[in-house]
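Below is one structure, written out as structure tokens, with a few remarks after it.
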Amino acid sequence: MAVLEVKNLGISFGGLRAVDGFNVSIEKGQLYGLIGPNGAGKTTIFNMLTGVYKPTDGTIFLDGVNITGRKTTEINKAGVARTFQNIRLFQELSVLDNVKVGLHNGHAYSTITGILRLPKYRRSERRMDARALELLKVFDLDGEAELLASNLPYGKQRKLEIARALATDPKLLLLDEPAAGMNPNETQELMKTIRFVRDNFDMTILLIEHDMKLVSGICEKLTVLNFGQVLAQGDTAAVLNDPEVIKAYLGE
Amino acid sequence: MKKTTRDHLITFGLVVVVYLIVQLLIATGNMSSLMQGLLVPMCTYSIVAIGLNLCVGYLGELSIGHAGFMCVGAFSGAVVSKLLSETVTNGILLFVIALAVGTLMAALCGFLIGIPVLRLRGDYLAIVTLAFGEIIKNIINVLYIGKDSQGFHFSLSNPIEIEEEGLWLINGAKGIAKITHLSSFTIGVVLILISLFVVYNLVNSRSGRAIMAIRDNRISAESVGINITKYKLMAFTISAAIAGAGGVLYAHNLSTVTATPANFGYNMSIMILVFVVLGGIGSFRGSIIAAVLLTLLPELLRGLSDYRMLIYSIVLIAMMLFNWSPRMKDFRAAHSLKGRFGKKTAKEAE
Ligand SMILES: Nc1ncnc2c1ncn2[C@@H]1O[C@H](COP(=O)(O)OP(=O)(O)OP(=O)(O)O)[C@@H](O)[C@H]1O
Ligand SMILES: [Mg+2]
């Protein structure tokens, strides 16, 4: 069964039909790309998948469960985690604490336990620290754990967002332009990391990206979006050679 | 030792040292009775400022209604101690019971008011907290509760009749009279320490991180599964409860407590907010220092009569500059020990 099954998803903002008739099916462990020109509706789709926007029509199934219209918090608990195109870190928290916020639901203890510092508090915090450092290590951020998130360079902030999303132990990871603002070296490294995450965390990943090198390098399947509608869908190589796609998006 | 732990211990240590110095001054007769009279109010303001700082600095919401929660704590605590003053003869025990009730009542009010108020943002939230603070004060001003052989009598707005030998608990605008003097500087300091313990441990726990995450970015907090309403309400309720505890201390330092604008009006709310802002938003130690210094200052300057308010204003401006101007921040960063050892760390922001 597909991890994510989206049927006929659509949304209107007033008169603007931002996304229309969007279908996609993503299998477990797949690395799936969503591409398209600026304003095509890619981020809007992420916002609907995570409950930030309520779709006007269509249904979203996660592992066979209908999650359409649920609240963002509930959708994360159901197993969808994401990063943001315009980075949204907890700026005044340390790098480590950003990830620990992601561990919030996985390592629960009560507020009273925390205030009284009962043994369970120490045990849980120790486990959270260990887990958070483990995640930071994947992104080579463990050396900066004590730094304020806002003091990280741009590329590392993007990585921290992925680490924080992974901390919620999702079934599906949505990455919105993870390579934006990165130099070619950083992008190369990021590609390796994304593959590593997929392989080692058994993760299903849907990513939006403009960097064609990254897309053709790591995505197995693609959907091309144009003016809110699907222009092409299928295996990466086939889609990227589609004359329609070349005309509408890739240029020439 | 972790940096935060050390930082907390410094604050606790500071409070204890100041306490010991004051005790020494009193014992050696080096403190005027005027000064001694300021000790409990100073503790009260420190406690309420700690509570408000949780709301402003960690929840990130500006409240100008905390005098209202202080008022709830003061009146419900004093009513309880008055009711039980014959049955419970141990002063400390009586105070603890009054404290528990006053704190809980303030927490309840914080919770109920938080439900509508926390849906608002920024300036709107501030204005509505201001309104609720005034509403609380005004309701208590027209509240009559009496007890006699017939049982309890209760009225809003209409003065009621009770038997001659009956007991007035709250007599409308005349407030609560003949309150047992249960507060002391020692109790005040203990309450400061307990408040610090609660807020420090809270902000360094899972719930505290959730609260700060919501402050920093609500949308991404939601995206990692944080229950926004729950943690906002929790922070606001705890903040109100601490203000209520301050109110209980305040009331039991007076023989009569009335809900006047000077006591529990927005003036008080704003004064506490001034302590929080000048002491540094997010810094509980700063709140205490500001509360103590700014309560002390007008009294110290009393001899200068005409220049008193002028100097007070200059000190306010100087503290503002010291804590908030970017240049001073850089200067402090460069000249602090932490600043000399490499990069700015997260803990410094606390
Ligand atoms: N909340 C909103 N209200 C009104 N219009 C919106 C809203 N959110 C998105 N849109 C519109 O929907 C369309 C799609 O926007 P979206 O952000 O999804 O594009 P995108 O494909 O992510 O583009 P980019 O590559 O630039 O990130 C745009 O025309 C945008 O203006
Ligand atoms: Mg976008």
Side-chain angles (χ1 to χ4, degrees), chain A residues 46-47 50-52 71-84 87-117 121 124-125 128 144-151 161 164-165 167-170 174, chain B residues 2-5 8 54 57-60 194-235 237-238 241-242 281-282 333 338 341-350:
Chain A
F46 271 23
N47 283 336
T50 54
V52 176
K71 288 202 177 118
T72 307
T73 305
E74 299 309 318
I75 289 178
N76 175 260
K77 286 181 186 165
V80 183
R82 73 175 288 186
T83 65
F84 296 87
I87 301 174
R88 289 175 170 277
L89 287 171
F90 307 126
Q91 302 247 353
E92 298 293 320
L93 298 189
S94 71
V95 169
L96 186 75
D97 279 350
N98 266 270
V99 180
K100 283 171 85 178
V101 174
L103 294 170
H104 185 88
N105 289 320
H107 294 67
Y109 61 83
S110 74
T111 306
I112 294 293
T113 305
I115 290 177
L116 297 179
R117 304 233 154 158
Y121 161 84
S124 302
E125 285 290 316
M128 283 166 116
E144 278 116 331
E146 291 300 316
L147 227 59
L148 271 189
S150 52
N151 288 355
E161 272 213 334
R164 179 182 69 186
T168 66
D169 197 17
L174 309 177
Chain B
K2 269 171 78 176
K3 270 186 234 98
T4 40
T5 322
H8 300 173
L54 180 65
Y58 292 85
L59 179 62
I194 294 174
S195 308
L196 281 175
F197 179 85
V198 169
V199 291
Y200 273 147
N201 286 353
L202 175 71
V203 299
N204 284 291
S205 74
R206 171 178 171 272
S207 306
R209 276 192 301 269
I211 291 165
M212 291 184 276
I214 296 168
R215 170 198 69 191
D216 281 0
N217 202 309
R218 194 178 60 85
I219 292 181
S220 49
E222 278 177 325
S223 85
V224 292
I226 304 283
N227 184 338
I228 306 289
T229 315
K230 173 180 164 184
Y231 286 102
K232 276 182 133 182
L233 261 180
M234 178 189 290
T237 303
I238 295 176
I242 294 173
I281 290 178
K338 276 184 241 161
F341 295 108
K343 300 172 190 170
K344 189 180 176 207
T345 63
K347 304 309 169 201
E348 230 182 293
E350 283 189 4

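Remember, it's a predicted structure, so these values are computed and weren't measured experimentally. Every chain is numbered from 1, with letters handed out A, B, ... down the list of sequences. No hydrogens, no waters, no symmetry mates; every other heavy atom, side chains included, goes into these values.
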Q. With only heavy atoms counted, which part of A:A108 is less than 4.5 Å from chain B, the side chain, the backbone, both or neither?
A.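 Both parts, backbone and side chain.
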Working to the nearest 0.5 angstrom, can you tell me the gap between [X] [atom1] and [Y] [atom2]?
| X | Y | atom1 | atom2 | value |
| --- | --- | --- | --- | --- |
| B:T229 | A:K71 | OG1 | NZ | 6.5 Å |
| B:L202 | A:I112 | CG | CD1 | 9.5 Å |
| A:I115 | B:I238 | CD1 | CD1 | 4.5 Å |
| B:D216 | A:N98 | CG | CG | 8.0 Å |

Correct closest heavy-atom pair for A:G114 and B:S205 would be CA-CB, 4.0 Å
Comparing A:R164, A:R117, A:M128, A:Q91 against chain B, the one with the most heavy-atom pairs below 4.5 Å turns out to be A:R117
> What residue in A:T113, A:T72, A:L116 has the most heavy-atom pairs under 4.5 Å with chain B?
Replying inline: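 Of the options given, most contacts go to A:T72.
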Residue pairs meeting salt bridge (Lys or Arg N to Asp or Glu O under 4.0 Å), one or both in residues 199-215 of chain B, sequence neighbours left out, come to A:E125-B:R209
Checked B:N217, B:V198, B:N227 vs chain A; the most non-hydrogen pairs under 4.5 Å come from B:N217
- [ ] Could you tell me whether a side-chain N or O of B:S220 sits under 3.5 Å from a main-chain N or O of A:R88, the two making a donor and an acceptor?
- [x] yes
task = Test B:N201 against A:Y121 for side chain to side chain contact (heavy atoms under 4.5 Å, CB included), laying out the working first.
result = CA-CA 10 Å; B:N201 286 353; A:Y121 161 84; over 6 Å; no
Donor-acceptor pairs under 3.5 Å, side chain of residues 73-82 of chain A to any protein atom, not counting sequence neighbours: which ones?
unit_1, atom_1, unit_2, atom_2, d
A:T73, OG1, B:I226, O, 3.1
A:N76, OD1, B:G225, N, 3.3
A:N76, ND2, A:V80, O, 3.1
A:N76, ND2, A:T168, OG1, 3.4
A:N76, ND2, B:S223, O, 2.9
A:R82, NH1, A:N47, OD1, 2.7
A:R82, NH1, A:T50, OG1, 3.2
A:R82, NH2, A:N47, OD1, 3.3

Any non-hydrogen side-chain atom of A:H104 less than 4.5 Å from a side-chain atom of B:V224?
no
